[in-house]
Amino acid sequence: MINVTKTYLPDKEKYNFYVDKIFNSGWLTNNGQLVQLLEKKLSEYLGVKNLILVANGTLALQVSYKLLDLKEDIVTTPFSFVATTSSMVWEGLNPVFSDINPLTFNIDETILENTITEKTSAIVPVHVFGNICNFETIQRIANKFKLKIIYDAAHAFGVKYKDKGIANYGDVVTFSFHSTKIFHTIEGGAIIIKDAALYEKAKLMINFGIPGYDKISELGINCKMNEFQAAMGLCVLDDIEMIINNREKVYKRYLETIKKNEKIRFQKLNHEATQNFSYFPIVFESEEILLKVVANLKMKKVYPRRYFYPSLETLSYIKGKYSTPNSSDISKRILCLPLYESLKEDEQDGIIKILNQTL
Ligand SMILES: *Cc1c(COP(=O)(O)O)cnc(C)c1O
């Protein structure tokens, strides 16, 4: 069976080394040594300050909304994983969808202003499949309307824009370190906060708002990362270069062979940013063709994923009526092919063969 991704498992001996440390210290959670070490190493790797590890990427978003005291409407993209939107609704906020650029699959910054009203408090764009949004234009719009920006960077781990880590752009940036992502901590996530005072506040918010032994200073929640998660992160981070290099090979092999097929279209990339090769999305001419490809791959036990389907404005719990034709159209025709560091050439050839035969 070949799935869209395969969780990277590091050297078991190395993981055991950290597990022994945890058992020896008896410290399992609450800002333990390994969490502190991983925060330090990740800050270096991502080239950022003010990074906080949390239990998952969805809570990272929820805490960010609370941290920035967002109210009412948030302008966001309908083309993302459901958590970008569901986290807002969960926090009593109202996602307002602005359509995507059909080539980049990111929120279309040229029409973003049309959805902003006096009720809007923030913009939450997503770097879809690791493809970086137009930072400059989005920042200009945020400045003009005095809005906060939270980038959901769940797909953009390790990506650089103009030689700077992408997590340096925006008021707050969130990552997911779920097992399906290129860097993972089993479950996990991170929040990167530009403002130093808000960073201090966020550290309290993720731990019930408790600063010390006999005080509760903030409204908080519990979304701490534990030591076993951090241990996994430390092991995976050691191998991240190999993981990304291998994925690059698989990615380029797909590209070289599939680009000859004129019936398939690819994501238009931001060339001022690096790539992390986290996904290989392709767009078909119709949903009908996509469904045929999916069915034929399934017969060979290959399971690509329809990232992202359905378009989020269609969710049952969304109140407003939105017309986001690009997202609606792309979401029906897009498929992410299996891509992971250990995908073998013959497995990949099998997938490409089925794809070409079906078309
Ligand atoms: C994975 C993902 C999330 C959610 O992260 P979890 O760690 O699974 O909670 C949020 N946004 C996007 C774009 C994602 O891909």
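Because the structure is predicted, anything quoted here is derived from the model rather than measured. Note that ligands are numbered from 1 as they come in the structure, with each ligand's atoms numbered from 1 the same way.
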Practice prompt. Give a yes or no answer on whether the side chain of Y254 reaches the backbone of P338 with a donor-acceptor pair at less than 3.5 Å.
Written response: yes
Worksheet, complete the sentence: The answer for which part of D152 has a heavy atom under 4.0 Å from ligand 1 is side chain
Worksheet item: Relative to the heavy atoms of G188, which atoms of ligand 1 are at a distance of less than 4.0 Å?
Response: 7 (O)
Practice prompt. Look at atom 3 (C) of ligand 1 and say which protein heavy atom is nearest, naming residue and atom and giving the distance to 0.1 Å.
Written response: F81 CD2, 3.7 Å
Worksheet item: Got a sec, which hydrophobics cluster with L68, joining ILVMFWY side chains under 4.5 Å apart, including via others?
Response: I52, V54, L61, V63, Y65, L67, L70, I74, M88, L93, V124, I150, V172, I191, I193, L198, Y199, M205, I206, I221
Worksheet item: Heavy atom of K181 under 4.0 Å from ligand 1?
Response: yes
Discussion item. Quick check on contacts: which atoms of ligand 1 are under 4.0 angstrom from a heavy atom of G57?
Written reply: 5 (O), 6 (P), 7 (O), 9 (O)
Item to complete: Mark the output for S80 as yes if a heavy-atom distance to ligand 1 is under 4.0 Å, and as no if none is.
Response: yes
Practice prompt. Check whether the ring centres of Y169 and Y151 lie less than 6.0 Å apart, and answer yes or no.
Written response: no
Item to complete: Could you pull out all residues at least two apart from D20 that satisfy side chain to side chain donor-acceptor pair (under 3.5 Å)?
Response: none
Worksheet, complete the sentence: Heavy-atom proximity to atom 12 (C) of ligand 1 ranks first, among A154, A156, S176, for A154
Item to complete: For the residue pair H155 and F308, categorise the inter-ring angle as parallel (less than 30°), tilted (30 to 60°) or perpendicular (more than 60°).
Response: parallel
Discussion item. If the test is salt bridge (Lys or Arg N to Asp or Glu O under 4.0 Å), which one of R253, K300, K344 qualifies with D349?
Written reply: R253
